[in-house]
**Q** 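So that we are looking at the same thing, I have put the structure below in structure tokens.
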Amino acid sequence: MTPTSESGTGWDAGPDPRVLCDAGALAADPPVPSGVLWKLAEGGRQLDANVVRLPPGSRVDTHTEPNLDVLVLVVSGDGVLGKGARDEAEPLTEGALLWLPHGSTRSITAGASGLAYLTVHRRRPGMQIQSRGGAPV
């Protein structure tokens, strides 16, 4: 059986899947000591993604994300995930896959070799101008 579109003519044409970057190579390349090394920028996407590098000992301070679940994949280095209001420590090593549920309190601290990680989450909606009644303008 061949999949068909609603028109019955076959697959609907859409964007082609493709390789976007080599996160491991980005993390290993030292010209950018910290910050965002790569971000998903394709139009029409439903996701946001970033590859971020933290230098040794640096930290993403404790915070709570109220709206978005986030997946984090450690691509190089090591560090610590702080969990909850008490910042309970959980070691992070290359290959660790984390789920940071919305509403959770967390921090990330890079270890002695620094830390590079990929984050993926639902794209935040763009800002809209609204009338005083709350309807989009």
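Remember, predicted model here, so these are calculated numbers, not experimental data. Just so you know, these numbers use all the heavy atoms, side chains as well, and skip hydrogens, waters and symmetry mates.
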**Q** Using the rule side-chain contact (heavy atoms from CB on, under 4.5 Å), only one of Leu20, Asn50, Val120 pairs with Leu40; which is it?
**A** Leu20

**Q** Please name the pair of heavy atoms, one in Gly79 and one in Leu115, separated by the smallest distance, quoted to 0.1 Å.
**A** N-CD1, 4.2 Å

**Q** Do you know the tightest heavy-atom contact between Ser113 and Gly77?
**A** OG-CA, 3.6 Å

**Q** Can you name the nearest heavy-atom pair linking Ala110 to Pro55, along with the distance?
**A** CB-O, 3.3 Å

**Q** Taking a hydrophobic cluster as the set of Ile, Leu, Val, Met, Phe, Trp and Tyr residues connected by side-chain heavy atoms closer than 4.5 Å, whether directly or through intermediates, do Val80 and Leu97 fall within one such cluster?
**A** no

**Q** Can you give me the closest heavy-atom contact between Leu98 and Ala96, atom names plus distance?
**A** CD1-O, 3.8 Å

**Q** Please give me the minimum heavy-atom distance between Gly57 and Thr109, naming the atom from each residue.
**A** O-CG2, 4.3 Å

**Q** Does some side-chain heavy atom of Leu81 sit less than 4.5 Å from a side-chain heavy atom of Lys83?
**A** yes

**Q** Can I get a per-line list of side-chain donor-acceptor pairs under 3.5 Å for residues 68-75, giving both atom names and the distance, sequence neighbours left out?
**A**
residue: Asp69; atom: OD1; partner: His102; partner atom: N; Å: 2.7
residue: Asp69; atom: OD1; partner: His102; partner atom: ND1; Å: 2.7

**Q** What residue pairs, at least two apart or across chains, pass side chain to side chain donor-acceptor pair (under 3.5 Å) with a residue in residues 38-47?
**A** Arg18-Glu42, Arg45-Asp48

**Q** For Thr64, enumerate each residue passing the side chain to side chain donor-acceptor pair (under 3.5 Å) test, keeping only those at least two apart in sequence or located in another chain.
**A** Thr105

**Q** Assess the residue pair Ser104 and Glu65 against the criterion (side chain to side chain contact (heavy atoms under 4.5 Å, CB included)); give the C-alpha distance rounded to whole Å, side-chain angles, the decisive distance to 0.1 Å, and a yes or no.
**A** CA-CA 7 Å; Ser104 67; Glu65 168 52 60; over 6 Å; no

**Q** Please report the closest heavy-atom contact between Asp78 and Ala112, naming both atoms and the distance.
**A** OD1-N, 3.6 Å

**Q** Can you list the steps and then say if Leu54 with Ile108 is a side chain to side chain contact (heavy atoms under 4.5 Å, CB included)?
**A** CA-CA 9 Å; Leu54 297 176; Ile108 297 177; 4.0 Å; yes

